[in-house]
Amino acid sequence: MSWLPLSFGAPMVLWGLLALPVIWWLLRLTPPRPQTEIFPPLRILARVLKREETPQQSPWWLTLLRLLMAALIVAALAEPVFNPREKLPAEGAALALVVDNDWASAADWDKRVATAERLINDAGSNGVPVIIAFTAEKPNAEIGPFDAAAALNRLRAAKPRPIPTDRPAVYARVAGALETLPGASVAVLADGLAAKGDEAAFNTLLSKNAARVVWAVADRLSLTGLMAADNQVDGFALTAIRAPGDPAPAQVTAGAFDDKGRRIADATLTFAPGETTATGTMAVPFELRNDFSSIALDGERQAGAVRVLDESSKRRRVGLLSQAEADQAQPLLSPLYYIRRALQPFADLVEPSSADLADSIPQILDQKPAMIVMADIGTIPAQVRQRLVDWVDNGGTLVRFAGSRLAAASNDDDLLPVRLRTGERSLGGALSWTSPQPVTEFPKAGPFADLAPPSEVTVSRQVLAEPTPDIVERTWAALADGTPLVTGLKKGKGTLVLFHVTPEATWSNLPISGSFVEMLRRVVQLSRNQGAAIAGAEAAATSLAPYRMIAADGSLVPPTPDARPLVPGAGAPQPVTFENPPGLYGSETGVFAHNLLDAASTLAPLARPQIAVPVTTIQYAFDESRNLKGALVAAALVLMLLDTLAVLWMGGLFSRRPRRAGAVATTAAILIALGALFGHADPARADDAKPGDEVAIEAISKTRIAYVLTGVPGDDSISRAGLEGLTRFLIEKTALEPGAPAGVDISKDELSFYPLIYWPIDPAAAMPSQAAIARIDAYMQQGGTVLFDTRDQFANGIGADSTSPATERLRDILGDLNVPPLEPVPSDHVLTKSFFILPEFPGRFAGSPLWVEASLDASNADNRPVRTGDGVSPIMITANDFAGAWAVDENGDALLPTVPADPMQRIYALRAGVNIMMYMLTGNYKSDQVHVPILLERLGQ
């Protein structure tokens, strides 16, 4: 029975409310209240004889209280539910639950799980077995049938995958399991995204004993994906897609991240009303674009909104070819000399080992260059010509320079952007009526449009193009007389470019001008890498190991155990599967980007198929129903307690008269008993202040260095042994006599007693609470310094630019601290001369810098949040493992070896510790010593 928004599981119990009048009649009578009189016995007897004893009626408010208590108990027994949900059709021979757990379901996965839990609970209450299958799991994953408890366990263990669904295969398995279960209920929890083969998959699923269908859908398909990110001339061209049918305009913001996860660029993409595609350009310098590691859409927590980038989107590989032998005595006359100088800053140059074009061209093509530059090469050998043509058609950029060989060769329409006249044109000279021609304005439609024409460049010789109707469209640069200087043509996916002059300064002084570098730079930016730059043995490998994977929520994670090596195909992109999820494949030497969406992807909404059996449509939502039985019982107990207190009050238990001392004692006993039931007394702490004072006095009586107790036994013992070793060295070498090191729990111990706290970062240790980090923040702002030691100088597992787990943990800790700008210790910093003269600060490892607060204007209090007067950094960071180098045993012998095994490295590490302590205790004292001569001179000394 349901009275919205309240329903009762046992409504027949509510008939018990009819007994309330009877209860009222029984409760309205109570014994008379005892009378209290001063002792005149005769007066008492007289009153007894004259009065007739009659029961006194119960007060109306007490009767109402008791009736309400009875009503609450009756209502609680009726199983009331607030905001009840509709019971789902989960009856029949079985419940077949098919759930899409692909990338499109990641954003609202919790809602989908809550919806599935309701279906399984309803099936369990009906005693119905459950078949549960996920469309983005292994093909051989077990699907049941299970009982309700086992099905719930499998549901809660499932998670969204960053791959598309495989509905045909999974639906066929579920249909096979339903063949022996007639009259089953089928619940389809779809992601709302259409996929290939959906119609056949639904026909297969619903053709096997499906008696009823539950169709669960989201409110609307609100996914946005990033389908392309191309590194072009002006920036990264981004293309995003959304589902059709949205008439409103929309904007999304894309962010570019480097390999360390730092956001370094942004772009806005705008969807026009009703449009499904949005484009935008991330206009940043070419050098910065080479640092892009991934691009993601803000606010989209799913794998389709992230694209990882490999070398094909970064620095280009350029092959250089020339038939002329280099003159070692005159390198400036080499055809490739100026080209090398122009391209080296922003391209990887490769050259063949052979001068024979039949051998050198295949050698260059095998290295998959983005661009090939040919310096005065005339006829291409027939045996390699077709391979070169195919390379251009598939996206290669071929740049050719003119010369005597090209001028004498016949036209090759497949490898030249324009047809050429035979021979060359000479401008100027004793037998010529013309003079060398300057360069005119660059055409607006060409890649050099934003460059100023070089006024100092002139051309004395060139090869001429045959005049054709489209010669103007193919001209990227021209001379003052209108003849082309540079021509270009898109051919297939690639580009053909021809400089109508030589690459050396014989026909023109263009190669020795600054414009030559910028022109080649524009051409390189137009090129596209033909494959990942995977060097060494991996270049010849047939498969690439998983390196970094895109999780279903769009984050980059280490490879999962299910990921398998990827075999890059030469043709169409490899599909994203369970064994080959999206991400980066390869190693630190080079990676291949395997993204979820490609240029042909669409986000079409899933249409509900024609279903002949009854269908119940539900929305993904959390279960908001609340069982009120417990709350009503608790309210009845409270009323019962109030009733008891009221009866005691009416009986005079709380009277203040002296003769009621016994009642008062009884009340006190009751209260004590209640206290014993509902809690326990804390042990007496009368002497607590004394141990605390002793700890404080001991902490401030001597200077002590503290270390953070991480909870990892090995780390804590090394930290203590290290600080003990440093303490011994300080006593031996300086006038400072520190006390024993102190281990502190940053969540509760007083930190202000210690000028320096050493914190070894270990990812195995528990993450500090927000309250503990807030205490560290307050300690740093109030004058203390924390020395963070990640101890991971040689622990980076993947590449030199990768981040170790210890550094990741340090980033999480520092993310909640007010950390000032940091810099490696400068050569003139006080730390380098506070006691010993030290150029570096090694520990057990060497090589990592010691990071301190960046030197800023001391008067700028906003930028120096703590101690602007003494100049002491509130934070220091190293990866060299100071404590490991300082650690000694009871005999004073070193516990751990240094890396490398240099005896002096430990001495330098101890000296670094001395400098840090002197710096902590003296501040900028050493810096002020430079003013001593001037002060003495002013004093006349």
Practice task
Might you work through the ring pair (Phe, Tyr, Trp, His ring centres under 6.0 Å) test for Y758 and F882, ending with a clear yes or no?
Solution key: CA-CA 9 Å; Y758 177 78; F882 280 166; 7.4 Å; no
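Salt-bridge formation is detected for the pair D298/R263: a Lys NZ or Arg NE/NH1/NH2 atom is positioned less than 4.0 Å from an Asp or Glu carboxylate oxygen. The pair E724-R720 meets the salt-bridge criterion, since a charged nitrogen lies less than 4.0 angstrom from a carboxylate oxygen.
Of the N and O atoms on the side chains of T832 and N915, not one donor lies less than 3.5 Å from an acceptor on the other residue. Side-chain atoms of T560 and D562 form no donor-acceptor pair, as typed in the model, at a separation below 3.5 Å. No side-chain donor-acceptor contact under 3.5 Å links D266 and T253.
In this structure the side chain of F753 never reaches within 4.5 angstrom of the side chain of V744, judged on heavy atoms. The side-chain heavy atoms of Y754 and I705, taken from C-beta on, include no pair separated by under 4.5 Å. When side chains are defined from C-beta on, N818 does not count as touching M780, because their heavy atoms never get closer than 4.5 Å. Counting heavy atoms from C-beta outward, Q793 and V899 have side chains that stay 4.5 Å or more apart.
Of all heavy-atom pairs spanning I550 and N595, the tightest one is CD1-OD1, 4.2 Å.
A perpendicular orientation is assigned to the rings of H594 and Y585, their planes being inclined by more than 60° (bins at 30° and 60°).
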